[in-house]
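This is a predicted model, so every value here is computed, not measured. Order of listing sets the numbers, starting from 1, for every ligand and every atom in it.
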Amino acid sequence: MGILEENRRLEELDKKYIWHPFTQMKDWLDEKPIIISEGRDCFIKDIYGKWYLDGVSSLWVTIHGHRKKEIDDAIKEQLSNIAHSTLLGLSNVPAIKLAEKLIHMVSSLLVPPHSSLTKVFYSDNGSTAVEVALKMAFQYWRHKGVNGRNAFVSLNNAYHGDTIGAVSVGGIDIFHMAFGPLLFKTYKAPSPYCYRCELGREYPECTFACLNEMEDIFKMHGDEIAALIIEPLIQAAGGMITSPPGYLKGVRELCTKYNIIMIADEVATGFGRTGKMFACEHESVVPDTMCLSKGITGGYMPLAVTISADEIYNLFLGEFKDLKTFFHGHSYTGNPLACAAALACLNLFEKEQILKNLKGKIQILESWLKEVLNLQHVGDVRNVGLMAGVELVKDKKTKEPYDWEEKTGWRVVYYARDNGVFIRPLGNVIVIMPPLSISKQNLNQLLKVIRDSIVAVTEG
Ligand SMILES: *Cc1c(COP(=O)(O)O)cnc(C)c1O
C-alpha cells in the first residue's frame, strides 16, 4: 500500500473507531484529522511529514521535549526489569525512589509552619489524584470523630478533572452543568478573576473582597466543610485566570483560621510551569494535601500523586478491625515504568538547570504579552511563568466577549495550525504553554505565529 493510501486509511479508521475527548464528534467527522506519528524536542510531526511546534506541551504534560534521551533510556532500563507490579500488598523499586525524591523536594521547597507533607499516595491521572485528596479529607474527619463535614469548598471557574468527584468541585458551567444531579455538595467561592470581577470590584482597592466572601462561607458553614480545593495562582482550564499576589496566602490563612483542610491542586502548575517547581512556593504556602500529575513524567506516562500531611496520614492508623484503612487504589497504582520516567524527569531539572534557564524565556513571553495587549481585540493577557492566556474580546472598551458559538478562539488556533503551530483555545482564551525546554528561538517563532493568527482572525 502506498503511503498516501495508508494515511487515508488511518483517517477513516480514526473516524470509524475513536470517540475523542472534549470533542463534538459531528464536527470531527467533517474535518481532516491531524494524526501524529512522531515527536522530537518541542515539535510533533503528522503522518504527512508536516512538523508543528507543540505550543501546549501535548496538553500540558511535556516538560523536556519529546524523545528526551534520559527519559527514553530510563523507561528502557526499567523495561528490562519489570513493566508493572502492584502496590497492593507489594512495593516496587522505582515507586519507592520516586516517593523519596518527591518528599525531599516538597519538604525543602514548601517549608512549614502550617503542616508538612510527608506521604505519597499514587494514582494514574490528575482526576484520580483529586478524588484521592477529597476522599482522604472526608474520611479524616470521620476518623477524628467529627461528623457532618460532608461538603467541600471550591471556586467558580475551577477545574479539577472529569471524574464525578472532581466534577463536583469543578466550576466551569459548560463542562459541568450536564452532570448537576450527580454531584455532591459544594460551596462555591468567587473566582479571583480580576478582569471580570464577579463582585464588580477593582484590584487592589477591593482589598480582596473575594476572600471576604470565602470567609463568609467558612463562618456560616465551617462545621459542614471537609476541605477547600484550589488551583494555586492560576485557574488553568477555566481560562488561564491568574490570582493577584497575596490571594493564595489569604486562602491559606483562612483555612488555618477555620480549621479546614487545604488541598492544592498543582496538577497543571507543578514541575516548573510557573517558574518555580510548585506554584505554592510563590507565596510560601504549604497546603495540607497536594495533587500532582501532568508534568510529573515529563509527558511520557500516566502517573499522579496525592501528597498528604502526616496529620492526615496518622489518623488512618489503627487496628485492622477498626476499618481505618484508606480503601482506595487502582490497577496501575505506582506503575514502575511511569515512576522510572518520573525519576528521570525530575533529575533533569537539576542536571539541566531548567528553572534557572526559564527566566529569560518568561521575560520573552511577558514582553510579548505586553505588546499583544495593544491589539484591537485583545482584552486581557495573563501569565504565571510559562503558562499564559490571551483573552480575545469583541469590544475592548466594554469587555464584551465574542459569542462562544462564533468559535473565535478555534479560528485563531486553526490559522496557527496552518502555519506550523499546534495550540488549543479555552473558549475565547488562547492558551500558550510550551515545553519548558523550548529554545528562545522556537519560543519567538511560536509567539510570532500566534500574534499573526490573532491579527488575521480578529482584524482580517
Ligand atoms: C488537567 C487537570 C486535572 C485533571 O487531570 P487529568 O490527568 O486530565 O485527569 C486536574 N486538575 C487540574 C488543575 C488540571 O489542570
Side-chain angles (χ1 to χ4, degrees), residues 20-23 56-63 121-137 152-172 175-176 179 183 186 191-193 227-243 248 251 262-274 278-280 282 285 287 289-307 328 330 332-333 335 338 341-342 345 382-389 424-427 429 431-433:
H20 286 266
F22 278 98
T23 302
V56 287
S57 301
S58 293
L59 244 296
W60 313 358
V61 297
T62 309
I63 299 269
F121 191 98
Y122 284 109
S123 62
D124 316 327
N125 58 71
S127 307
T128 54
V130 166
E131 298 291 335
V132 167
L134 298 174
K135 285 171 78 177
M136 277 178 179
F152 290 85
V153 176
S154 59
L155 272 59
N156 290 330
N157 294 320
Y159 178 80
H160 298 290
D162 294 330
T163 51
I164 284 297
V167 169
S168 294
V169 290
I172 304 176
F175 296 174
H176 300 144
F179 304 103
L183 308 181
T186 58
S191 167
Y193 188 4
L228 165 133
I229 181 163
I230 186 168
E231 297 159 87
L233 294 197
I234 179 164
Q235 296 189 292
M240 308 308 266
I241 298 165
T242 54
S243 58
L248 184 67
V251 171
M262 179 184 182
I263 302 169
D265 177 357
E266 292 236 21
V267 169
T269 51
F271 305 108
R273 294 275 174 208
T274 67
F278 304 112
C280 284
H282 290 270
V285 159
T289 306
M290 185 153 98
C291 304
L292 296 166
S293 183
K294 293 201 167 98
I296 192 168
T297 63
Y300 269 67
M301 309 273 301
L303 183 73
V305 295
T306 305
I307 304 186
H328 188 109
H330 301 280
Y332 285 94
T333 293
N335 174 257
C345 169
R382 306 183 278 269
N383 82 297
V384 191
L386 226 47
M387 299 174 77
R424 258 182 83 86
L426 289 162
V429 176
V431 175
I432 304 162
M433 205 155 158

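- In this structure, a donor-acceptor pair under 3.5 Å is absent between the side chains of Asp124 and His330.
- Between the side chain of Ser58 and the main chain of Val61, no donor-acceptor pair closer than 3.5 Å is present.
- His282 and Thr274 form a side-chain donor-acceptor contact under 3.5 Å, judged by distance and modelled atom types alone.
- The closest donor-acceptor contact from the side chain of Glu266 to the backbone of Cys280 lies under 3.5 Å.
- Using a heavy-atom distance under 4.0 Å as the criterion, the protein contacts of ligand 1 are Trp60, Asn125, Gly126, Ser127, Tyr159, His160, Gly161, Glu231, Asp265, Val267, Ala268, Lys294.
- When the side chain to side chain donor-acceptor pair (under 3.5 Å) test is applied to Gln235, the partners found at least two apart in sequence or on another chain are Ser191.
- Contact detail for Leu155 and Ile229: the closest heavy-atom pair is CD1-O, 4.3 Å.
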